[in-house]
Amino acid sequence: MKYPPRRAATCGCGYLAAFLTLLVVASLQIQYHHLKVDLGSSDFDTATATQTQQQRRRREGDRRGGGSAGRWSRKTGAEGLPRGIVETSSDMYLRPLWDSAGSTAKTSAKSKNDRYKALLAMAVGVEQMQNVDTMARKFLNESYTVMLFHYDGNVDGWRGLEWSDRAIHILAPNQTKWWFAKRFLHPSVVAIYDFIFLWDEDLGVEKFDPRRYLDIMVSEGLEITQPALDPDLSTDIHHRITIRNKMTKVHRRVYDNRSSMNCSDDSKGPPCTGWVEGMAPVFSRAAWKCVWHLIQNDLIHGWGLDMKLGYCAQGDRAEKVGVIDSEYVVHQGIPSLGGPSHTSKIPRRSLDLRTQKEIVS
């Protein structure tokens with residue numbers, strides 16, 4: 001008995017496959033339309049081209065073995081947002097609930113008209129209020145932002161100063177400025193600022209003008225700097241390169257023919273050139289973006305960090321790192337977390353910690 005040959009049951013499966021294909025195509029077209037509406041036609045074309053370039057770079061990175069690191073570095077967290085609502089930076093401008101929109105706009109407009117935006121951040125204790133008051137006024141008068149890190153737990157003690165409500169106050173007991181900086185000065189948060197002053201509280205600024213200082217820093221093409229130290233009034237100088245040279249506006253190196261130092265034009269790094277001390281560094285935005293990553297989470301006093309800052313010089317540290325002589329300060333030598341101030345104003349002997357040699361200044 002012969003049976004008729006079986007017919008393949010392909011007809012129904014073919015219809016189903018065709019239906020699913022049409023469904024997928026329709027879904028893609030709807031997504032395409034929505035994306036174009038969100039971005040606008042010109043932005044959509046730009047976004048499409050950018051995505052194509054990124055995919056090409058990823059493929060090239062994968063072939064070179066660095067694909068995963070490249071993909072991680074490009075993630076911002078805003079990839080799923082429409083372009084028009086993305087806010088890429090923040091600032092430290094105070095916006096109280098009871099403040100009028102006009103007042104806020106006025107403050108913002110004033111800041112936007114400044115040539116540079118700068119942030120002064122200091123770890124402070126109430127015992128040094130008089131000194132900090134003088135420093136803060138210098139910066140606030142130039143419409144720069146002031147942020148105080150209170151290591152002694154006393155914030156209310158500063159309320160009597162007329163500018164206190166214009167400053168940012170952050171409290172954490174017994175922490176140094178490096179601890180505060182790592183946690184509250186992330187580059188994305190302070191990206192609006194052209195310069196970051198990360199200073200100690202024991203600096204005398206009678207002869208210092210922050211605006212002139214930044215003008216010099218820019219004109220000299222410097223990325224990391226510090227003001228020179230007055231050798232006659234400072235009571236705590238550790239490194240010869242930080243001493244003020246009265247004959248120059250800026251110096252980038254020091255000369256010393258002692259065998260322990262051997263600083264000459266051939267010197268390429270600290271302590272001869274490309275170096276500033278940790279008590280009063282000033283960073284450009286680009287330099288700070290690097291330095292923040294250099295600061296370790298368990299860093300306390302910052303000893304040794306100054307020797308590594310040259311990595312963040314955005315170029316040759318011997319050219320991009322310098323000490324500004326014409327705008328100088330007095331280092332009073334107060335311990336990092338408070339303590340008595342040294343009042344001696346006579347020349348004294350200090351120890352150069354890099355060479356373990358005594359120098360007379």
Side-chain angles (χ1 to χ4, degrees), residues 26-62 66-121 143-147 166-168 170 180-198 214 218 223 283-295 297 312 314:
S27 298
L28 291 175
Q29 288 180 338
I30 293 173
Q31 292 179 6
Y32 178 90
H33 176 72
H34 286 175
L35 181 61
K36 203 165 186 177
V37 170
D38 284 341
L39 295 179
S41 59
S42 60
D43 288 344
F44 176 79
D45 293 338
T46 301
T48 303
T50 301
Q51 186 178 24
T52 302
Q53 293 173 358
Q54 289 176 344
Q55 290 173 347
R56 187 181 301 115
R57 291 194 199 103
R58 287 195 192 104
R59 288 194 296 268
E60 292 174 356
D62 289 338
S68 60
R71 286 193 296 273
W72 180 87
S73 65
R74 283 190 287 270
K75 293 291 184 181
T76 65
E79 290 81 8
L81 295 174
R83 184 176 178 180
I85 65 172
V86 173
E87 187 70 56
T88 59
S89 64
S90 184
D91 58 55
M92 298 294 176
Y93 300 135
L94 296 176
R95 293 174 171 85
L97 289 173
W98 56 88
D99 201 9
S100 65
S103 176
T104 300
K106 183 178 179 180
T107 301
S108 299
K110 182 179 180 181
S111 300
K112 289 179 180 178
N113 290 332
D114 291 334
R115 185 172 181 183
Y116 310 117
K117 292 183 175 65
L119 169 67
L120 169 66
S143 298
Y144 299 153
T145 302
V146 171
M147 178 182 288
R166 291 189 285 151
I168 308 295
I170 299 177
F180 283 105
K182 185 65 174 180
R183 287 148 183 86
F184 298 103
L185 299 183
H186 187 279
S188 295
V189 175
V190 298
I192 192 174
Y193 298 104
D194 301 300
F195 300 97
I196 307 294
F197 291 74
L198 190 57
L214 293 182
V218 171
E223 299 285 342
F283 305 101
S284 69
R285 182 192 294 111
W288 178 248
K289 189 174 182 179
C290 171
V291 171
W292 185 89
H293 289 87
L294 184 64
I295 301 173
N297 283 321
C312 298
Q314 311 302 300

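Side-chain atoms are counted along with the backbone in the values below, which use heavy atoms only and exclude waters and symmetry mates.
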Check [X] against [Y] and note the closest heavy-atom contact, atom names and distance.
| X | Y | value |
| --- | --- | --- |
| Y116 | Y144 | O-CE2, 3.5 Å |
| Y193 | M92 | OH-CB, 3.0 Å |
| A118 | F197 | CB-CE1, 4.0 Å |

Original post:
Mind checking whether L198 and F180 have side chains closer than 4.5 Å, heavy atoms only?
Top reply: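 L198 does not reach F180 side chain to side chain.
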Original post:
Do V146 and R166 pass the side chain to side chain contact (heavy atoms under 4.5 Å, CB included) test, and can you show the C-alpha distance, the side-chain angles, and the key distance before you say yes or no?
Top reply: CA-CA 8 Å; V146 171; R166 291 189 285 151; over 6 Å; no
Original post:
Applying salt bridge (Lys or Arg N to Asp or Glu O under 4.0 Å), which residue pairs with at least one partner in residues 186-195 are found, sequence neighbours left out?
Top reply: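 As it turns out, the salt bridge (Lys or Arg N to Asp or Glu O under 4.0 Å) pairs with a partner in residues 186-195, which skip direct neighbours, are D194-R285.
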For [X] and [Y], indicate whether the former's side chain and the latter's backbone hold a donor-acceptor pair under 3.5 Å.
| X | Y | answer |
| --- | --- | --- |
| K117 | I192 | no |
| W288 | V190 | no |
| Q314 | C312 | yes |

Nearest-0.5 Å distance that lies between atom [atom1] in [X] and atom [atom2] in [Y]:
| X | Y | atom1 | atom2 | value |
| --- | --- | --- | --- | --- |
| R115 | L214 | CZ | CG | 9.5 Å |
| L185 | I295 | CG | CD1 | 8.0 Å |
| W292 | I196 | CH2 | CD1 | 13.5 Å |

Subject >> Heavy atoms of other groups near K289 NZ, more than 12 under 6.0 Å >> reply: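 No.
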